[in-house]
Each structure stands twice: as structure tokens, then as C-alpha cells.
Undergrad: 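Handing you this structure, nothing more for now.
Below, all heavy atoms of this structure are taken into account, side chains as well, without hydrogens, waters or symmetry copies.
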Amino acid sequence: SWIKNVLEVETNIVVAYIKDCFSASDFIEKLGKNGILAIPFGKGRIRMVTHLDISENDVEKVVESLKF
């Protein structure tokens, strides 16, 4: 409910646009409470990066954590 759009993923970097009625810092704080790290990436955007040690279960955890 917080995400407006996600840029097409070409590498291991995911950039998402936060809906205007929310703040990226609040979003990042909520993710952090679930052990998920993200950083602000310009106005209204966040950046998340995966790596080879990220499992399918890890990705599912992030997806479920985004449903707030």
C-alpha cells in the first residue's frame, strides 16, 4: 500500500517510488523493524540491493514485510 511504482529491475538493485502520502524515512523504519535494510534514493524513492546469498525465502520475507 506504500509503493507507487518499482523501476524495471536490470541488476540486483531495486528502486521503488513511495506514494506521495507517505515518507521514505517512515517506510525504511518499518522495514528495519523486520530486519530489512533499505536506503533513501532521492525524493520519494528507496533503494534495496540483493546479493547471491539472498534465498527465495528471504525474498518472500521482504515481499510479506512490504504488505503494511
Side-chain angles (χ1 to χ4, degrees):
S1 62
W2 289 54
I3 302 294
K4 179 175 20 177
N5 186 29
V6 177
L7 292 181
E8 184 176 338
V9 178
E10 296 179 15
T11 63
N12 63 329
I13 299 170
V14 178
V15 176
Y17 287 85
I18 305 298
K19 288 184 179 178
D20 295 335
C21 56
F22 300 112
S23 79
S25 60
D26 288 344
F27 185 83
I28 290 168
E29 183 181 332
K30 282 185 167 282
L31 289 177
K33 289 178 181 177
N34 288 318
I36 299 164
L37 302 177
I39 61 169
F41 196 63
K43 184 175 170 129
R45 295 186 300 177
I46 63 160
R47 178 177 182 252
M48 301 169 71
V49 180
T50 65
H51 58 83
L52 61 91
D53 294 327
I54 300 293
S55 70
E56 222 173 295
N57 287 338
D58 294 329
V59 172
E60 283 301 316
K61 176 184 175 185
V62 172
V63 169
E64 288 302 313
S65 294
L66 292 172
K67 296 178 181 178
F68 50 79

Undergrad: Name the residue from Arg45, Glu8, Met48 that meets the side-chain contact (heavy atoms from CB on, under 4.5 Å) definition with Val15.
TA: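 Considering Arg45, Glu8, Met48, a side-chain contact (heavy atoms from CB on, under 4.5 Å) with Val15 is found only for Arg45.
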Undergrad: Could you give the distance from CD (Glu64) to CD (Glu60), rounded to the nearest 0.5 Å?
TA: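 The distance works out to 6.5 Å.
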Undergrad: Rounded to the nearest 0.5 Å, what separation is found between the CZ atom of Phe41 and the CD1 atom of Ile18?
TA: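 Result: 13.0 Å between the selected atoms.
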Undergrad: Would you say Val49 ends up clustered with Leu7 if hydrophobic residues are merged whenever their side chains have heavy atoms under 4.5 Å apart, either directly or through other cluster members?
TA: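 Result: yes, single cluster for both.
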Undergrad: Phe27 vs Trp2 aromatic rings, parallel, tilted or perpendicular, using cut-offs 30° and 60°?
TA: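 Rings of Phe27 and Trp2: tilted, 30 to 60°.
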Undergrad: Nearest 0.5 Å please: distance from the CG atom of Asn12 over to the CD1 atom of Ile54.
TA: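 Between atom CG of Asn12 and atom CD1 of Ile54 there are 10.0 Å.
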Undergrad: Could you check whether any side-chain heavy atom of Ile28 comes within less than 4.5 Å of a side-chain heavy atom of Ser25, counting everything from C-beta outward?
TA: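 No, their side chains stay 4.5 Å or more apart.
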Undergrad: If you measure from CD1 on Ile39 to CG on Leu31, what distance do you get to the nearest 0.5 Å?
TA: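 Reported value, rounded in 0.5 Å steps: 12.5 Å.
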Undergrad: Is it true that a side-chain atom of Lys61 and a backbone atom of Asn34 form a donor plus acceptor pair closer than 3.5 Å?
TA: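 Yes; judged by distance alone, with no hydrogens or angles, the pair exists.
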Undergrad: Are Tyr17 and Ile13 linked, directly or through intermediate hydrophobic residues, by side-chain heavy-atom contacts shorter than 4.5 Å (ILVMFWY only)?
TA: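 Yes, Ile13 connects to Tyr17 through the hydrophobic network.
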